[in-house]
> 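Please read through the structure below; I'll follow up with questions.
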Amino acid sequence: MPTTVIIGLQWGDEGKGKIVDFMAAQVDVVARFSGGVNACHTVVVDGTETRFSLVPSGALRPGITLVLADGVMIEPFNLTREINRLRDNHGFDVKRLLIGRNAIVTMPYHIRLDQACEKEAGQYAIGTTGWGIGPTRVDHVARQGVRIFEYLNPDFMKEGMLARVRQGLTPAWLLVRMLGMLYYSEEIYDEIRETLSGCITDTASFLNKAIDSGQHVLFEGAQGTLLDLVYGFYPYVTSSHTLAGSACIGTGVGPTKITAVVGVAKAYSTRVSRGPLPTEVSGDERSSLVELGQEFRHTTDIPLRVGWLDLVTLRYAVRLNTISSIALTKLDVLDAFDEIKVCVAYKRKEQVYTDLPPDLGCVEYEPVYEILKGWKSSCTEARGHADLPPQAQAYLHFIEGFVGVPIRIVSVGRDRSQTFYLGDET
Ligand code: IMP
């Protein structure tokens with residue numbers, strides 16, 4: 001049985017949740033391996049939208065075991081709320097959820113610190129989601145983080161916690177003292193413990209056994225390759241590893257057990273906040289992409305930054321993740337355009353760069369575009385390659401030719417039903 005990793009190839013928000021839900025029709029286990037409460041994965045089934053932040057996006061498929069593996073940063077308060085919402089709206093049974101005992105906890109003071117730092121940084125802010133991801137990672141690396149099984153142990157939180165934060169390399173204990181927040185009220189803490197305690201286990205053993213016994217396991221990433229702490233456009237990155245390689249660290253499953261890597265890319269580019277977006281557009285092109293793609297920050301009316309598809313960064317991401325195939329989302333958003341631009345190189349002072357220049361982000365590069373013909377008709381009803389207009393087929397073909405891997409899944413609308421395989425369902 002395949003063990004497939006799903007990751008984002010751009011700046012996040014590529015539609016990974018939708019693709020995980022789609023592929024989950026054929027799997028036994030979905031295991032999320034990175035990121036934290038900063039993620040928002042949206043799945044629409046028969047017109048009903050469900051948002052996931054921590055719970056794996058396979059939750060709407062009955063019978064699947066869901067894993068929050070050790071590489072995920074757990075924010076227990078919001079995870080409990082998410083589980084309760086899923087229980088109320090979908091009859092979700094928390095017994096289906098396993099949480100890796102070593103997963104590190106995002107504490108309330110991490111969230112406060114993230115928001116305070118961003119505010120203080122003013123025009124130099126990274127533009128984080130404000131969910132405490134950076135400070136959680138700093139404490140983790142400084143060996144003063146709290147693992148979820150420790151967090152759920154009241155004795156540790158009373159006795160061991162202060163020793164832990166004083167042991168490390170950064171003055172987290174100062175924060176704990178100043179903000180006075182080890183955890184929420186007793187009542188909320190008790191509810192969190194009641195909800196999550198039964199989920200904590202050795203998920204690495206569970207996943208290895210599941211794979212060895214022939215189960216089909218899907219590893220779900222978060223954010224996108226260009227937000228990776230090492231390979232993204234640093235410092236405008238998240239504080240985790242978003243690449244396929246981190247599925248191994250994040251789950252405790254070795255690389256020889258991974259059989260395929262699916263990279264999810266949008267048919268154009270978007271970015272939530274600051275940092276390089278080489279193909280960014282303005283004016284009418286921007287308004288069209290924002291409106292047609294409904295590109296707004298989750299639950300707000302703040303538009304995302306948008307641009308044409310950047311094949312130079314896409315090929316970079318394909319290489320970094322050793323992608324087997326691409327799932328291309330939101331193709332329908334391009335339905336209305338006369339012409340579709342794709343960036344095939346960058347230019348600076350008459351010199352053309354077909355690969356990512358090492359100083360991109362520090363100096364300005366101009367995108368070099370190939371202009372393709374638009375299809376000017378709706379592809380939202382397409383359910384296979386033959387249903388797509390010839391110009392849309394040509395668009396897919398052009399992308400495949402440039403990045404050197406096949407597109408195997410296409411999405412032409414928000415609903416689960418508007419997703420299809422281009423060939424075999426593998
Ligand atoms: P953080 O992960 O909250 O620290 O934010 C760091 C950077 O990653 C910021 O540019 C965020 O906008 C971006 N980011 C984090 N999570 C997501 C996501 O799920 N989608 C898109 N961008 C994200």
Side-chain angles (χ1 to χ4, degrees), residues 6-20 32-43 51-57 71-75 78 82 104 106-121 123-141 220-243 246 250 263-266 268-278 280 290 293-300 302-307 310 313 317 329-330 361:
I6 298 188
I7 51 93
L9 291 170
Q10 296 158 314
W11 287 272
D13 296 326
E14 297 95 347
K16 290 177 294 296
K18 183 184 195 210
I19 300 302
V20 169
R32 168 95 176 262
F33 62 86
S34 68
V37 72
N38 52 346
C40 182
H41 296 162
T42 307
V43 175
R51 286 167 187 250
F52 298 98
S53 177
L54 279 165
V55 173
S57 309
V72 181
M73 299 179 202
I74 307 284
E75 201 286 290
N78 280 284
E82 192 177 344
I104 215 79
T106 293
M107 300 289 285
Y109 53 82
H110 292 135
I111 296 174
R112 287 275 294 271
L113 181 62
D114 189 7
Q115 293 171 1
C117 288
E118 284 285 285
K119 198 164 168 213
E120 190 64 25
Q123 60 166 315
Y124 303 108
I126 301 285
T128 71
T129 60
W131 278 113
I133 299 301
T136 307
R137 182 62 75 215
V138 168
D139 277 357
H140 189 188
V141 175
E220 174 183 7
Q223 287 81 41
T225 297
L226 303 169
L227 291 173
D228 182 79
L229 183 59
V230 176
Y231 295 97
F233 292 124
Y234 191 90
Y236 299 102
V237 293
T238 188
S239 294
S240 27
H241 298 290
T242 59
L243 268 54
S246 70
V264 185
K266 234 179 233 184
Y268 51 97
S269 303
T270 58
R271 184 164 191 157
V272 173
S273 57
R274 302 185 62 185
L277 180 62
E280 185 163 13
V290 167
Q294 283 297 293
E295 299 294 358
F296 298 97
R297 268 192 189 216
H298 302 300
T299 67
T300 73
I302 305 166
L304 301 189
R305 297 166 63 198
V306 293
D310 182 346
T313 52
T329 60
K330 298 190 111 170

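As the structure lists them, so they are numbered: ligands from 1, and atoms in each ligand from 1.
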> Looking at every heavy atom in both Q223 and E14, which two are closest together, and how far apart are they?
O-OE1, 4.0 Å
> Only counting residues at least two apart or in another chain, list the ones meeting side chain to side chain donor-acceptor pair (under 3.5 Å) with S269.
none
> Does T238 reach ligand 1 with a nitrogen or oxygen that is under 3.5 Å from one of the ligand's nitrogen or oxygen atoms?
yes
> Taking atom types as modelled, is there a side-chain donor on T270 or Q10 under 3.5 Å from an acceptor on the other?
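There is no such pair between these side chains.
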> Looking only at distances, please establish whether an N/O atom of ligand 1 is found under 3.5 Å from an N/O atom of Y236.
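No: no nitrogen or oxygen of Y236 is under 3.5 Å from one in ligand 1.
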> Working to the nearest 0.5 Å, report the span between OG1 of T128 and CG of D114.
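Going from the OG1 atom of T128 to the CG atom of D114 covers 3.5 Å.
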> Looking at atom 20 (N) of ligand 1, what's its closest protein heavy atom, distance included?
D13 OD1, 3.4 Å
> Under 4.0 Å from any heavy atom of V237, which atoms of ligand 1 are there?
6 (C), 7 (C)
> Considering only non-hydrogen protein atoms, determine which one is nearest to atom 11 (C) of ligand 1 and report residue, atom name and distance to 0.1 Å.
G127 O, 3.6 Å
> Considering Q10, R297, Q223, which one's heavy-atom position lies nearest to atom 16 (N) of ligand 1?
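Looking at heavy atoms only, Q223 sits closest to atom 16 (N) of ligand 1.
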> Which atom names give the shortest non-hydrogen contact between I126 and Y236, and what distance separates them?
O-CD2, 3.8 Å
> Within the structure, does T129 bring an N/O atom to less than 3.5 angstrom of an N/O atom in ligand 1?
yes
> Looking at ligand 1, does D114 have a heavy atom less than 4.0 Å from it?
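In this structure, D114 fails to qualify as a contact of ligand 1 - no heavy atom is under 4.0 Å.
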> Determine whether any heavy atom of W11 lies closer than 4.0 Å to an atom of ligand 1.
yes
> Under 4.0 Å, counting heavy atoms only: does A39 come that close to any atom of ligand 1?
yes
> Which bit of V272 is near ligand 1, meaning a heavy atom under 4.0 Å away: side chain, backbone, both or neither?
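The answer is the side chain.
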> Around atom 5 (O) of ligand 1, find the nearest protein heavy atom and jot down its residue, atom name and distance.
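Result for atom 5 (O) of ligand 1: T128 CA, 3.4 Å.
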> Under 4.0 Å, heavy atoms only, figure out whether ligand 1 is touched by the backbone of L227, its side chain, both or neither.
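Only the side chain of L227 comes within reach of ligand 1.
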> Check whether the side chains of H110 and E75 place a donor and an acceptor atom closer than 3.5 Å, and report yes or no.
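Per modelled atom types, H110 and E75 side chains form no pair under 3.5 Å.
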> Regarding T225 and D228, do their side chains bring together a donor and an acceptor under 3.5 Å, going by distance alone?
no
> Under 4.0 Å from a heavy atom of S273: give me the atoms of ligand 1 that qualify, with their elements.
9 (C), 10 (O), 11 (C), 12 (O)
> For K18, which residues count as a salt bridge (Lys or Arg N to Asp or Glu O under 4.0 Å) partner, sequence neighbours excluded?
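Once residues adjacent in sequence are excluded, K18 has no partner under the salt bridge (Lys or Arg N to Asp or Glu O under 4.0 Å) criterion.
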> Look at K266 together with E295 and state whether they make a salt bridge at an N to O cut-off of under 4.0 Å.
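Between E295 and K266 there is a salt bridge, with a charged N closer than 4.0 Å to a carboxylate O.
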